[in-house]
Amino acid sequence: GLTTAYLLQKNGVSVAVVEALSIGDGETSHTTAHIAIPDEGFEEIENEYGRETARLVADSFAAAADLIETNVRTEQLACQFERVDGYLFSCAEDPHATLDRELEAARRAGVDVRKEDGQPPFECGMAGPLLRFSRQAQFHPLRYLAGLAKAFEKKRGAIYCGTRALAIQERSDHVTVTTPPGKITADHVVVATNTPFNDRVAMHTKQNAFQTYVVASSIKKGSMPHALIWDDADPYHYVRLAEGTDDEHDLLIVGGADHKTGQEPHPGQHYRELEEWTRRHFPQAGPLAYRWSGEVMEPLDGIAYLGLNPGSKHVYVITGDSGNGMTHATIGAMIATDAILGKDNPWAKVYDPGRKPYKKAMHFIKEQANVAKQYTDWVSAGEDIDVAALPSGEGALISHGLKKIAVYRDELGALHCHSAKCTHLGCVV
């Protein structure tokens, strides 16, 4: 959202940014900020959509990294931006064959990549063939965001924090955004949220929410180079380094262990799985310093939704980011900016939110069946628990007649009871 506002402002457009909480309070604060190749991989994109689409995706990813770097230099943003190499390992039964196919597809897409065999240039338990992608990038996302916001405001851009957008009404020649303090009228609106709130059904049937987990450990500075590392396991793992809190240590950040949001009875075990994986592959890592979880929206056909909202003339969405949120957000900002300025964009058709997932028809049907299954929670029994004995910091889902009630006892001992019905489409939360 801020990138869109910043780009439009540079082109002379009057822009207002409304934010429900404060800058960076959403999923951006949970990202590990890998600026690398698409999660789907170029072989899969080429097989599904052809070489031209793969080339356009590669081109857009490179342009996004270049724009971030340009913004950092132009505005002198102190956000630890650096160009790094990216390393892909394969967990397939025949890693050479798998990597060879990805190598050739990536090269056909115009990507600078080479295959290497043997021990990687850092200590880890991931020996074997790998693909090395040049000129990938990483940065501190919240420092970048803070710097971009400051640059935007310095040029008299308006940012309204604590202002939740409640509804969007589109007319033939303008759009009205309703907020608690009042209404905003604009020529165009860009909904740059993790998942769009303006469209209750259409976009939500095209993507699925996944929970992803991250652990971070202290590691001696210089023990391994700054680089991006990932594998093709299911669920996959991704690794990067960040600056530590002192001059002698970095932070080793390891993420992954994804699962569909709300469909895991023991989410805490995913932290343990990541820690065990980290100890196995990076024995030089110290004790865990941090751990957190975020939510990513996975598009059904593997390509983000960036551009005009289906059925709209003046409302744009940036969503379906998968594991490439910082990159897709930047591409989406460029596409939305060009559309509002009346310019052609070479990637607009590829990322069109109105496209139909014909190539993934069976996957679409399977996912909708999975969604429908969640409604059976209404007829299932609630948890068999004595609410009066619920410990502090614990919650439960109980049945009360035909209703489902979510109960929680806070750290001070007060009991909170709320309807468990989701205000979106009526699932049990």
Side-chain angles (χ1 to χ4, degrees), residues 1-20 22-24 26 28 35 60-61 63-77 79 141 144-161 163-165 168-179 183-194 196-199 304-309 312-321 325-354:
L2 275 175
T3 305
T4 309
Y6 175 80
L7 293 179
L8 286 169
Q9 182 191 61
K10 288 184 68 176
N11 283 277
V13 179
S14 174
V15 187
V17 177
V18 293
E19 160 62 46
S22 60
I23 297 298
T28 304
I35 307 170
S60 66
F61 269 58
D66 288 344
L67 177 60
I68 291 171
E69 184 173 22
T70 297
N71 291 345
V72 169
R73 290 178 175 176
T74 300
E75 303 296 346
Q76 298 182 324
L77 307 181
C79 62
Y144 177 76
L145 210 59
L148 211 58
K150 186 176 181 180
F152 176 72
E153 290 183 309
K154 188 177 180 180
K155 297 179 178 67
R156 298 188 177 182
I159 300 177
Y160 300 95
C161 291
T163 307
R164 183 179 297 278
I168 295 176
Q169 290 182 309
E170 188 172 5
R171 299 289 185 257
S172 59
D173 60 348
H174 70 275
V175 185
T176 301
V177 180
T178 301
T179 73
K183 294 183 178 182
I184 302 168
T185 301
D187 295 326
H188 305 274
V189 168
V190 179
V191 181
T193 53
N194 193 38
F197 73 94
N198 57 301
D199 190 327
Y305 303 110
L306 315 171
L308 198 63
N309 185 63
S312 297
K313 293 183 178 180
H314 307 288
V315 178
Y316 301 83
V317 295
I318 299 175
T319 188
D321 292 326
M326 297 298 95
T327 306
H328 280 141
T330 307
I331 298 169
M334 290 188 280
I335 290 174
T337 297
D338 283 346
I340 290 169
L341 295 175
K343 298 179 180 179
D344 290 333
N345 184 286
W347 318 306
K349 187 175 181 180
V350 171
Y351 294 102
D352 180 13

Checklist entry - Given Y160 and T179, is the side chain to side chain donor-acceptor pair (under 3.5 Å) satisfied, shown in steps? => result CA-CA 11 Å; Y160 300 95; T179 73; over 6 Å; no

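- The two residues M326 and P141 make their nearest non-hydrogen contact at SD-CB, 4.2 Å.
- Sparse packing is recorded around CG of D344, with 12 or fewer heavy atoms of other residues, nucleotides or ligands lying under 6.0 Å away.
- Proximity of a side-chain donor or acceptor of T163 to a complementary backbone N or O of E19 within less than 3.5 Å is not detected.
- Between the side chain of T28 and the backbone N or O of G24, no donor-acceptor pair lies under 3.5 Å.
- Of the inter-residue distances, the one linking E69 atom CD with T74 atom OG1 reads 10.0 Å to the nearest 0.5 angstrom.
- Distance alone, capped at 3.5 Å, is enough to place a donor-acceptor pair between the D352 side chain and the G354 backbone.
- Here the shortest heavy-atom pairing between I318 and A329 reads CG2-CA, 4.1 Å.
- K155 pairs by the salt bridge (Lys or Arg N to Asp or Glu O under 4.0 Å) definition with E75, not counting sequence neighbours.
- Residues meeting the ring-ring contact (aromatic ring centres under 6.0 Å, His included) test with F152, sequence neighbours left out: none.
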Next on the checklist: Is there a side-chain contact (heavy atoms from CB on, under 4.5 Å) between L2 and I159? Walk through the geometry before answering.
Outcome noted: CA-CA 9 Å; L2 275 175; I159 300 177; 3.9 Å; yes

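- For the pair G320 and H328, the tightest heavy-atom approach, listed with the atom from each and the gap, is O-ND1, 4.2 Å.
- Residues V191 and N309 form no side-chain contact, since every pair of their non-hydrogen atoms from C-beta on lies 4.5 Å or further apart.
- Side-chain contact between I340 and Y316 is present, with heavy atoms from C-beta onward closer than 4.5 Å.
- Closest heavy-atom contact between H314 and D187: CB-O, 3.4 Å.
- Under a 3.5 Å cut-off, the side chain of E170 and the backbone N or O of K313 do form a donor-acceptor pair.
- No option in V189, T185, I184, I168 other than T185 meets the side-chain contact (heavy atoms from CB on, under 4.5 Å) test with T176.
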